Engineer: 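Take a look at this one; I'll ask things after.
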Amino acid sequence: MEKKEISKILNNPEIFQINRLEAHSDHLYFETLDSAKNLEEIELKQSLNGTWKFQFSKNLDEREEEFYKENFDSNHFKDIIVPGHIQLQGFDRMQYINTLYPWDGREQLRPPHISEVDNPIGSYIKEFELNDNLINKDIFISFQGVETAFSFWINGNFVGYNEIGERNNLVYQLLNYFLSPIFFIFFSYSLTKNNYFFINPSFS
């Protein structure tokens, strides 16, 4: 997704999600009744928490536009722990008050327009291998705490977008993205109204 497309989406209040599943009740998933009764470890869930590759950019112009492509060399990206706040890991700056927007006093912005100068972008990359017991099953990815707008790709293919429900369980179904044993998930967020970020992704 090119900068022009992303900017168009971010400035359009009528687009707040792409391909996200409707909100639904949340459940634990077990393969056998005995496993459910004993509340054993959930084998149908794979966490992506841990170390990700990360690049911080001050705005959309500074982001490496093709970071989500499969042949992208991310050796110059830094490491970051997920889940976690980027500001507590040495990126961006703290936002201690909620009475001003980060761009107040520097840019004259009116809704629905967002800052093109001071709108931090985080680009994440995670390489992983799908657990054996999830192969040939319906796969869903769940984001549990993303702020404020994000897009993500798998193996270079655009999957979805969301900009609301930061504290909700945001779920996407992954239909035809898992065609090989090793995968890359590429994740980019844009801070359109707040100045902090938290992500907790997992598969089920």
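We use all heavy atoms of the structure for the numbers below, so side chains are in, but hydrogens, waters and symmetry mates are not. Bear in mind the structure is a predicted one, so any value in this text is a computation, not a measurement.
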Engineer: Is the side chain of Ser74 donor-acceptor paired with the backbone N or O of Phe77 at a distance under 3.5 Å, no angle test?
Structural biologist: no

Engineer: Would you say Asp132's side chain and Ile135's backbone share a donor-acceptor pair under 3.5 angstrom?
Structural biologist: no

Engineer: Side chain of Ser47, backbone of Asn49: donor and acceptor closer than 3.5 Å?
Structural biologist: yes

Engineer: Check for a donor-acceptor pair, side chain of Asn38 on one end and backbone N or O of Asp34 on the other, with a separation under 3.5 Å.
Structural biologist: yes

Engineer: Could you walk me through whether Leu48 and Val82 pass the side chain to side chain contact (heavy atoms under 4.5 Å, CB included) test, one step at a time?
Structural biologist: CA-CA 8 Å; Leu48 297 181; Val82 172; over 6 Å; no

Engineer: Quick one: does any side-chain atom of Asp73 pair with a main-chain N or O of Asn75 as donor and acceptor, under 3.5 Å?
Structural biologist: yes

Engineer: Does the pair Ile80 and Tyr124 meet the rule for a side chain to side chain contact (heavy atoms under 4.5 Å, CB included), with working shown?
Structural biologist: CA-CA 9 Å; Ile80 196 169; Tyr124 290 73; 3.7 Å; yes

Engineer: Once you round to the nearest 0.5 Å, how far does CD1 of Ile141 lie from CG of Leu21?
Structural biologist: 11.5 Å

Engineer: For the atom pair CG (Leu170) and CZ (Phe152), what is the distance rounded to the nearest 0.5 Å?
Structural biologist: 9.5 Å

Engineer: Look up atom CG in Leu174 and atom CG in Leu134, then write down how far apart they are to the nearest 0.5 Å.
Structural biologist: 11.0 Å

Engineer: Atom CG in Asn162, atom CD in Gln17: separation rounded to 0.5 Å?
Structural biologist: 7.0 Å

Engineer: Counting only heavy atoms not in Asn12, do more than 12 fall under 6.0 Å of its CG?
Structural biologist: yes

Engineer: Would you check if the side chain of Gln46 reaches a backbone N or O of Glu129 as a donor-acceptor pair within less than 3.5 Å?
Structural biologist: yes

Engineer: Show, in sequence, the C-alpha distance, side-chain angles and deciding distance for Tyr161 and Glu163, and conclude whether the side-chain hydrogen bond (donor to acceptor under 3.5 Å, both in side chains) test is met.
Structural biologist: CA-CA 7 Å; Tyr161 170 82; Glu163 64 181 47; 2.3 Å; yes

Engineer: Any side-chain heavy atom of Ile139 within less than 4.5 Å of one from Gln173?
Structural biologist: no

Engineer: Can you tell if the side chain of Phe30 reaches within under 4.5 Å of the side chain of Lys37, non-hydrogen atoms only?
Structural biologist: no

Engineer: Tell me if the NZ atom of Lys58 is crowded by more than 12 foreign heavy atoms within 6.0 Å.
Structural biologist: no

Engineer: Using the side chain to side chain contact (heavy atoms under 4.5 Å, CB included) rule, take Gln89 and Ile86 through it: C-alpha gap first, then chi angles, then the decisive distance, then the call.
Structural biologist: CA-CA 5 Å; Gln89 300 188 61; Ile86 65 169; 5.8 Å; no

Engineer: Under a single-linkage definition using a 4.5 Å side-chain heavy-atom cutoff for Ile, Leu, Val, Met, Phe, Trp and Tyr, are Val117 and Phe56 assigned to the same hydrophobic cluster?
Structural biologist: no

Engineer: Checking the side chain of Lys126 only, and the main-chain atoms of Thr51 only, is there a donor and an acceptor separated by less than 3.5 Å?
Structural biologist: yes

Engineer: Side-chain contact test, heavy atoms from C-beta onward, threshold under 4.5 Å: evaluate it for Ile125 versus Phe54 and give yes or no.
Structural biologist: no

Engineer: Would you please test Gln55 and Ser123 for side-chain hydrogen bond (donor to acceptor under 3.5 Å, both in side chains) and show each step?
Structural biologist: CA-CA 5 Å; Gln55 183 186 64; Ser123 301; 4.8 Å; no

Engineer: Decide side-chain hydrogen bond (donor to acceptor under 3.5 Å, both in side chains) for Asp92 and Gln87; before the verdict, give the C-alpha distance in whole Å, the side-chain angles of both, and the deciding distance to 0.1 Å.
Structural biologist: CA-CA 6 Å; Asp92 201 17; Gln87 288 82 3; 3.2 Å; yes

Engineer: Can you tell whether the side chains of Arg106 and Asp118 come within less than 4.0 Å, N to carboxylate O?
Structural biologist: yes

Engineer: Rounded to the nearest 0.5 Å, how far apart are CD of Glu116 and CD of Glu107?
Structural biologist: 8.5 Å

Engineer: Go through it in stages, so that I can follow the logic: the residues are Phe140 and Tyr172, the test is side chain to side chain contact (heavy atoms under 4.5 Å, CB included), and I'd like the CA-CA distance, side-chain angles, deciding distance and then a yes or no.
Structural biologist: CA-CA 6 Å; Phe140 301 82; Tyr172 297 80; over 6 Å; no

Engineer: Ile15 and Ile121: same hydrophobic cluster, using ILVMFWY side-chain contacts below 4.5 Å?
Structural biologist: yes

Engineer: Answer yes or no: is there a side-chain heavy-atom contact under 4.5 Å between Glu64 and His76?
Structural biologist: yes

Engineer: Quick one: does any side-chain atom of Glu43 pair with a main-chain N or O of Glu31 as donor and acceptor, under 3.5 Å?
Structural biologist: no

